[in-house]
Amino acid sequence: MVHEWALADALARYIMHRIGGEKKIIKRIIVKLGVLQSIDKEILGFALKEILESMGYTVEKIDFEDEEPVLRCRKCGHEWKPDMSVFDDTVREAIHFVPETIFSYYKCPVCGSRDFDIVKGRGVDVTLIEVE
Amino acid sequence: MIRIDPRLLAAREKLSEIKVIVPVMSSKGGVGKTVIAGSLAVLLARSGVETGLLDLDFTNPGLHVLLGADISSWPEEEKGVVPPRVAGVRFMTTAYYSGDEPMPLRGKYVDEVFKEILCITNWPGVKVLIIDTPPGIRDEALDILTYIPSPRPLIVGTPSPLAIKSVEKLVKVLIDLGHEIIGLIENMASEPGPLKQLAEKYGLEYLGNIPYISNMDLLIGKPYELVDEIEPYLKVALDRIRSLIH
Ligand SMILES: Nc1ncnc2c1ncn2[C@@H]1O[C@H](COP(=O)(O)OP(=O)(O)O)[C@@H](O)[C@H]1O
Ligand SMILES: [Mg+2]
Ligand SMILES: [Zn+2]
C-alpha cells in the first residue's frame, strides 16, 4: 500500500510549513490515525521519516495514536462503531483510498440510512510536533 | 491563522507541473459538461498533448460511462496513485472506488473527498488537466476555485433561458474572484444564440456552438467515435487551451 507515501508526503510538508527551516532536530511527532482508513503504520512512519530526513531534518521519534471510528446516523440518531471486518478486501481497499466510499458500502444498522456522520476515526493528522 | 490541511500542501505540489487546469463548469445541470470535458481531453491527447481528466462529480460521476472505462482496473500505486490511461487520457474518478454503488455525500464530505483525491493522485508528465464538475455553485465548484492553483474555467451553457440566467450567476462569481475564464461554449444550439450575447456582455470569449447531435446516445461509451463527431465544434476551444501550454 504505497499510497501511504502520498499521505506521509502531505504530513511532511505540513510539518515543514509549521516549524520552518531553522530548527532541524525534531524530537517527537505524534500522528493521529483514523482506523477507518486502515493505514499501514510501519510504511507511513518509515516514509514520513525518510521524507523529513530528505528535507534535512533529524527525526528522533514518531508516535501513532489510533482513533477508532464512530459513526452517527442523522436519520435516527443511532451511534455505532463500524466493524470493518465485515467488508471484503476490495471494499476495505476502497475505503483505504477514499474513506468516504464508506457511504457507498455502509448503511445505518438500525434504519438503513446512508446519511450518517463520520464522528471520529477518519484521516491522518499531526497532533504534536516537538522540536529542540 | 487558518490551520492548513496537510493534504492541500501535497495537492499543490502534485499539480504544480501541470501547465493548464481547465474546470469545465456550469451552474446548470444537463447542459453537456461531461460530454464536453471528456471530448476535450480525448482530443487533446490525440493531438499529442499529455492530458489528465478528473471527474469531480463525486455523487454522480459520468465520465467513465462516457469513455467506456473499465472501473474495475484501479489506478496503480506509486507513492500515491497514477490514473490509468483511457482513450489516451490519464483518467481519475472516484468511481474506481465506489463502483456502481451510490455515494451520497453531504458538503463537508465532498470537501474531504476533494482533498483526499488531489493529495493521492499523481499526474506524471501531464500538461493539461481537464476537470468535469457537477452543476451548482457549491462545494465542488468552490473547492476548485479556492484550492486549485490558477484554474482556467471553461463555461458550458445551452440557449435555454433557464441555462442563460444560471450561467450568468456563475460568470459573476468567477469574475469577482478574478479568475481568467477561457470562454463559453453554447451546447445543443444550431447557431450562435443568447450565450454569445452573454459572452459579449462580460467581455468573454465565445468559443462557438455545438449543434444537437441526434445519435449521441449511440456514441456514449465509444470515445473515439464521439470525438470524431464533435471535433469540428471544439476546434476553437482546443486551440485556446493549447495556446495556454508554455
Ligand atoms: N450536443 C449534444 N447533442 C445531443 N445530446 C447531447 C449533446 N450534449 C450533451 N448531450 C446529452 O445531454 C445529456 C446531458 O449531458 P451531460 O454531458 O451529462 O451534461 P452535464 O454534465 O452538464 O450534466 C446527456 O444525455 C448527453 O448525452
Ligand atoms: Mg456531468
Ligand atoms: Zn439510522
Side-chain angles (χ1 to χ4, degrees), chain A residues 1-18 29 31-32 34 36-37 39-40 43 47-48 50-51 71 74-75 87-108 113-119 122-127 129, chain B residues 1-16 54-56 58-61 71-83 92-123 139-140:
Chain A
M1 292 198 214
V2 242
H3 149 248
E4 274 77 359
W5 277 87
L7 302 176
D9 180 58
L11 298 181
R13 282 174 199 284
Y14 175 71
I15 290 165
M16 189 172 76
H17 172 84
R18 279 284 304 278
I29 299 166
V31 176
K32 186 209 81 180
L36 194 62
Q37 220 166 338
I39 298 293
D40 187 317
I43 301 180
L48 183 56
E50 286 278 301
I51 297 168
L71 310 178
R74 283 192 177 240
K75 190 156 184 276
F87 296 125
D88 67 29
D89 285 349
T90 316
V91 171
R92 265 207 301 273
E93 276 274 278
I95 295 171
H96 171 70
F97 283 110
V98 182
E100 279 66 32
T101 50
I102 192 154
F103 294 109
S104 301
Y105 300 108
Y106 218 102
K107 293 172 205 162
C108 168
S113 169
R114 295 186 203 241
D115 187 11
F116 52 82
D117 273 317
I118 305 172
V119 182
R122 187 222 182 279
V124 182
D125 206 356
V126 176
T127 52
I129 311 166
Chain B
M1 198 180 99
I2 303 176
R3 184 193 189 284
I4 185 155
D5 191 303
R7 290 171 296 179
L8 288 173
L9 296 171
R12 257 173 233 162
E13 179 64 24
K14 288 192 154 59
L15 296 172
S16 64
L54 173 62
D55 197 336
L56 277 191
F58 302 134
T59 60
N60 187 29
I71 52 169
S72 69
S73 62
W74 286 14
E76 271 175 42
E77 289 187 55
E78 178 59 50
K79 299 201 169 171
V81 302
V82 179
M92 186 64 180
T93 173
T94 50
Y96 292 124
Y97 307 115
S98 58
D100 286 325
E101 292 297 317
M103 185 160 72
L105 295 175
R106 284 180 179 269
K108 65 173 170 174
Y109 301 112
V110 167
D111 193 58
E112 291 285 347
V113 178
F114 180 92
K115 290 172 183 159
E116 200 76 28
I117 287 286
L118 288 176
C119 168
I120 66 172
T121 309
N122 292 302
W123 302 99
D139 299 79
E140 296 87 342

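Interface remark: B/Val81 contributes side-chain atoms only to the contact with chain A (heavy atom separation under 4.5 Å). The part of B/Ile117 that comes within reach of chain A is its side chain, from C-beta onward, which places non-hydrogen atoms under 4.5 angstrom from that chain. Looking at B/Leu105, only its side chain comes within 4.5 Å of chain A, counting heavy atoms on both sides. Contacts between A/Phe116 and chain B at a heavy-atom distance below 4.5 Å involve the backbone alone (N, CA, C, O).
For the atom pair CG (B/Asp111) and CD (A/Glu100), the distance works out to 9.5 Å, reported to the nearest 0.5 Å. Taking CD from B/Glu13 and CZ from A/Arg13, the interatomic distance works out to 4.0 Å, rounded to the nearest 0.5 Å. Between the CZ atom of A/Arg18 and the CD1 atom of B/Ile4 there is a distance of 12.0 Å, given to the nearest 0.5 Å. Atom CG in B/Asp5 sits 9.0 Å away from atom OH in A/Tyr14 (nearest 0.5 Å). Between the CE atom in B/Met103 and the CD1 atom in A/Ile102 there is a gap of 12.0 Å [rounded to 0.5 Å]. One finds the CG atom of B/Asn122 at 10.5 Å from the NE2 atom of A/His3 (value rounded to the nearest 0.5 Å).
B/Asp55 is linked by a salt bridge (Lys or Arg N to Asp or Glu O under 4.0 Å) to nothing, counting only residues two or more places apart in sequence or in another chain.
When each of A/Ile118, A/Val126, A/Val124 is scored by its heavy-atom pairs under 4.5 Å with chain B, the top score falls to A/Ile118. Considering only heavy-atom pairs separated by less than 4.5 Å from chain A, the leading option among B/Thr94, B/Val113, B/Val110 is B/Val113.
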Pair B/Tyr109-A/Asp117, side-chain hydrogen bond (donor to acceptor under 3.5 Å, both in side chains): steps then yes or no: CA-CA 9 Å; B/Tyr109 301 112; A/Asp117 273 317; 2.6 Å; yes

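Pairs engaging residues 98-108 of chain B under the side-chain hydrogen bond (donor to acceptor under 3.5 Å, both in side chains) rule: A/Asp115-B/Arg106 [sequence neighbours left out].
Inter-residue side-chain proximity for B/Trp74 and A/Glu93 is flagged as met; some heavy-atom pair is nearer than 4.5 Å. Taking 4.5 Å as the limit, some side-chain heavy atom of A/Asp9 sits within range of a side-chain heavy atom of B/Lys14.
Residues A/Ala10 and B/Cys119 share a closest heavy-atom pair of CB-SG, 3.9 Å.
Looking only at distances, no side-chain donor or acceptor of B/Glu116 sits under 3.5 Å from a matching main-chain atom of A/Val98.
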